[in-house]
Protein chains: 4
Amino acid sequence: MSEKNKTKRDIILKAAIKVFAEKGYHSSRTIDISNEAGVAYGSLYHYFQSKDDILLSIFRERWQLLLNKVEKIQETLTEPGEKILTIIDYIFRSYQNNPAMMKVLIMDVPRHAQFYSPENWVLYNAFFKELENIFREGQERGVYVKNVSPLIASYAIYGAVDTTIRQYVYNPEFNDNEFPLEKAREQIVQILKEGFSERAA
Amino acid sequence: MSEKNKTKRDIILKAAIKVFAEKGYHSSRTIDISNEAGVAYGSLYHYFQSKDDILLSIFRERWQLLLNKVEKIQETLTEPGEKILTIIDYIFRSYQNNPAMMKVLIMDVPRHAQFYSPENWVLYNAFFKELENIFREGQERGVYVKNVSPLIASYAIYGAVDTTIRQYVYNPEFNDNEFPLEKAREQIVQILKEGFSERAA
Amino acid sequence: MSEKNKTKRDIILKAAIKVFAEKGYHSSRTIDISNEAGVAYGSLYHYFQSKDDILLSIFRERWQLLLNKVEKIQETLTEPGEKILTIIDYIFRSYQNNPAMMKVLIMDVPRHAQFYSPENWVLYNAFFKELENIFREGQERGVYVKNVSPLIASYAIYGAVDTTIRQYVYNPEFNDNEFPLEKAREQIVQILKEGFSERAA
Amino acid sequence: MSEKNKTKRDIILKAAIKVFAEKGYHSSRTIDISNEAGVAYGSLYHYFQSKDDILLSIFRERWQLLLNKVEKIQETLTEPGEKILTIIDYIFRSYQNNPAMMKVLIMDVPRHAQFYSPENWVLYNAFFKELENIFREGQERGVYVKNVSPLIASYAIYGAVDTTIRQYVYNPEFNDNEFPLEKAREQIVQILKEGFSERAA
DNA sequence: AATGAATGAGGTTTCATTCAT
DNA sequence: GATGAATGAAACCTCATTCAT
C-alpha cells in the first residue's frame, strides 16, 4: 500500500471514529462517514470490506498501539508497580487525547457481534496477558500478594479503569472540573495497590 | 394491569432476555422475541412501546431489583465491609442464576444509545450512590481509608465485578472449571479491600 | 395459505410477468413490480424470498401447468402423433393467450443462474422426458422411425417450437399478419413428422 | 488499428468469452474480465465502449464468421442438402472447438436486452435468410417439399440445433459419453430431412 | 497506451411498527 | 386482547465507468 493510500485510509478511519463516537455505531450511516471524511461514498469500500470492517479495524489498530506501548513499558521499566501505573496512565491519557476514539473502543467495539471472533479475542486478551505477566512478576519479586490470581488481578485493574472512563464519557451528572481525571487515576492506582481498608496501626 | 397481563408481559420480557443474550440487541428481531415468547409479534406492542422499550424495561425492572436488594442490605447489615461483600456476592449470584439476563444488563443495556437518558441515569446512578454511601460510612467509621473518593471507589468496585463477569460470559479462552466464579469473587473482594501490594512486616 | 393470500400472491406474479416481459428481468426493479401490482414493495417479500424467487416461481408454476397439460394429454389421447400435435398446439396457444409470460419463460428464465439448479432441471427435464416417452411409444407402435433417439427427437421438437416463438416475440422484421402463427404451427408439425425432403415417387 | 492492439483486443474478447461462459453475462464483472485477460480494467475501455459492447462485439465477430462460412459453403457446394448438413456440422464443430464461445452465443447474446437493436437483427437474420435461400433453392430444384415456408424451415433447423447444444451445455443429467455429439448431429439432420414418421411401404 | 483509485447512482432487502379484522 | 398482513423508510453495498497520472 502506498503512502498516499495509507493517508486516505486514515482519513476515513478518523472520520469513522468521530461519527461513531457522536452517534454510536448502529446509528451511524456509512454515508455519514464518507461525508465526514470528504470522500466519495464508494471509496469506503476501496479501503474496507464493510462498515463492520471499519469498526474492527479501529479496534485492531488502536489496540495494537496499546500493546506496543505495553511492550515498550516492559522493555523500559523494571518495577512492576511502575509498569502498571504507566499503563493506567497511558489509558487515561489516551482518553484525554482522543475521547472519541475511547468512546468507540469502550462502547461500540465490545457490543459488536463480530468482535467476538477468535482473532479479535487473541488480540484483546494479549493485553490482559501482559497485565497478568507484570502482576506475576510482582508476585515473584515479593511485592504483590501471592494469594491473588494474576488473571483476576488483571480484570480488576482494567475494569476499574474502564468503568471510570465510561463515567467520564457518559455520566451527565459527572463533572470533570470537580473531579479531575488526574485525581481519579491516582486514586484508582491507590485502591488497586493498597485497597481501601484502613490498616490497623 | 391485570395479573394475567402481567404474566404475558413477563413471558415477553423473559423471551427478550433470552434472545438479546443469544444474538445481541441489534441482531435480535422483534419476530425472534415473539417466536421465543410464543405470541404474535403484534402483541409486543400491547405491552411495550417499541423494541427499545423492551430493552429498557429489562434494565429498569432488573436494576430496581438490585436497588431493592441494596436497600435491604442497608437495613439488615451494619458493617460496611459486609455490605459491599454481600452486594458483590448478589451480583455474582445473579449471573449464576440468570446468565442471559446478566449478559443483557452488562452488554446490551449500557451500550444502547437510548440508555443515556436522564431518567435512566438517575436509576443507574442510584446504585453507584448507594455504593458511595456505604463507602463513606466506612470512612466515617474509620475502617476505610480517608484519602479515597467514595465516587471513585464505587467505580473501582463495580468495574472490577463487571469486567470479571464479562470475561466469564464472553472470553472463549476462559475456563470456568479451572477458575470457579466463587474464587473470583473472593479475590476481587480481597483486592478491593487490601490491595495487591505486599505489606512490609 | 388462505384464498385471499393466494390472490395477492397471484397479483404480484402477474405484475412481475408483465414487468419482466417489458423490460427484461435484469432491467426490472422490484419497485416496478410492486407499482404494477399496486402493493407496497415490502409486500413482495411476504410472498417471495427475493426477486430471484419471483422469477423462478413463475417458471415452476407455469412449467407445472405445462406438465399437467401433458399428463392430461397422455391420459386422454392415444395416438402419439396426435399427442405431439396437441402439445405443440398448447404451447403456441399459451403464447397467444399470454405472450408476456412466454417471453419471460423463454428469455428470462433460462438465462438466470439459479435456473440451473438440480430441482429446477428435474422439473424442466420432466417435460422432455414426457416427449421422449411419447416418441418411444410411437416407435413401439411402428409409426415413428426406429433409428432416431427419443432424446434427440424431443430436442428437435421443442427447439423448433421455441425458436419459432422467439421470432414472433422479438424479430422486428417478422410480420404476424403475413405469416399467422396458426400456419407456422402446422408447418413445424409437418417438418417434424415428414421432414422437408421431397420423396421419390 | 495496429496489429499489436488487435492482439490485446482479442485477448480481452477471449477472456470475456471465458468469463461470460462461466458466470453468465450479468454475474460477470468487468474486473473479472480484466483479471482473466491480465490487463488493467481501465484498458477494457480503450478497446470497447462498455461491457455491453464487449458482449455484442463477441456476437458481431463470431456471427460474421458463421456468415462467412455459410457464404463459402454457398460458393463451394451445390446440393442444398449438403449445404445444410455442412452448416449444421460447422455449428456443432464450433461448439466442440470452443464450447465457451457457444455458450455465450446461445445463452447470453440472444437474452441480452441490447441485442435487440435493428443493426444486430440485420446481422442475426442474415444467417436465417441464408438458410431460407438454401431451402428455397432446394424447393426450386424439386428436392424439398413445396408446401413448407423457407422461413419456418430455417427456424426449425436452427432451433433443433440450438436446443440440442443447450442440453449438452447445461443439462446436468446429460451424459456426453452415452450420447456423442456426432450422433446427435446425424439424427437431427435425419429428422429435419426425413421427419420421424415411418413411411408406409 | 495503460493504470487503478475514485466515483456515486442505483437497487435489493430488512425489519420495526401499524392497524384492520 | 390478539393477530399477522401490510407498509415503506432506511441503509448497505456493488460495480460500470471515468480520468488524472
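All chains are named by letter (A, B, ...) in the order of the sequence lines, taking the proteins before the strands, and each is independently numbered beginning at 1.
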### Query
Which parts of residues 15-24 of chain C get close to DNA chain E, meaning a heavy atom less than 4.0 angstrom away?
none
### Query
Is Lys51(A) reaching over with its side chain to a backbone N or O of Ser28(A), donor-acceptor style, under 3.5 angstrom?
yes
[N] pairs with, by Watson-Crick or G-U criteria that keep both distances under 3.5 Å:
N	result
dA10(F)	dT13(E)
dT21(E)	dA2(F)
dA1(E)	none
dC15(F)	dG8(E)

### Message
To the nearest 0.5 Å, what is the distance between NZ on Lys103(A) and CD on Glu22(A)?
### Response
8.0 Å
#### Entry: From CG (Leu105(B)) to OG (Ser94(B)), nearest 0.5 Å
9.0 Å
### Query
Of the nucleotides dG8(E), dA5(E), dT3(F), which one has an atom closest to the side chain of Val39(B)?
dT3(F)
### Task
Would you mind reading off the distance between Ile33(D) atom CD1 and dC15(F) atom P, rounded to a whole angstrom?
12 Å
### Between dA1(E) (P) and Phe48(D) (CZ): distance, integer Å
13 Å
### Message
Taking 4.0 Å as the cut-off, does a side-chain nitrogen or oxygen of Lys8(A) come that near to OP1 or OP2 on dA6(E)?
### Response
yes
### Query
Does OP1 or OP2 of dT7(E) have a side-chain N or O of Ser43(A) closer than 4.0 Å?
yes
### Summary
Test side chain to side chain contact (heavy atoms under 4.5 Å, CB included), reference Tyr25(A), set Asp52(A), Ile58(A), Val19(A), output is Asp52(A)
#### Entry: Option from Thr7(C), Ile12(C), Ile11(C), Leu13(C) for which side chain to side chain contact (heavy atoms under 4.5 Å, CB included) with Arg9(C) holds
Leu13(C)
### Task
Check Arg62(D) against Asn98(D) and note the closest heavy-atom contact, atom names and distance.
NH1-ND2, 4.3 Å
### Task
Could you tell me which non-hydrogen atom of Ser34(B) sits nearest to which non-hydrogen atom of Tyr41(B), and how far apart they are?
OG-CB, 3.2 Å
#### Entry: Nucleotide-resolved protein contact map, nucleotides 11-21 of chain E, B/S/- at heavy-atom distance under 4.0 Å
SBBBSSBB---
### Query
Under 6.0 Å from the CD atom of Glu61(C), do we count more than 12 heavy atoms belonging to anything else shown?
yes
### Message
Tell me every residue that passes side chain to side chain donor-acceptor pair (under 3.5 Å) with Arg29(B), counting only those two or more places apart in sequence or in another chain.
### Response
Asp32(B)
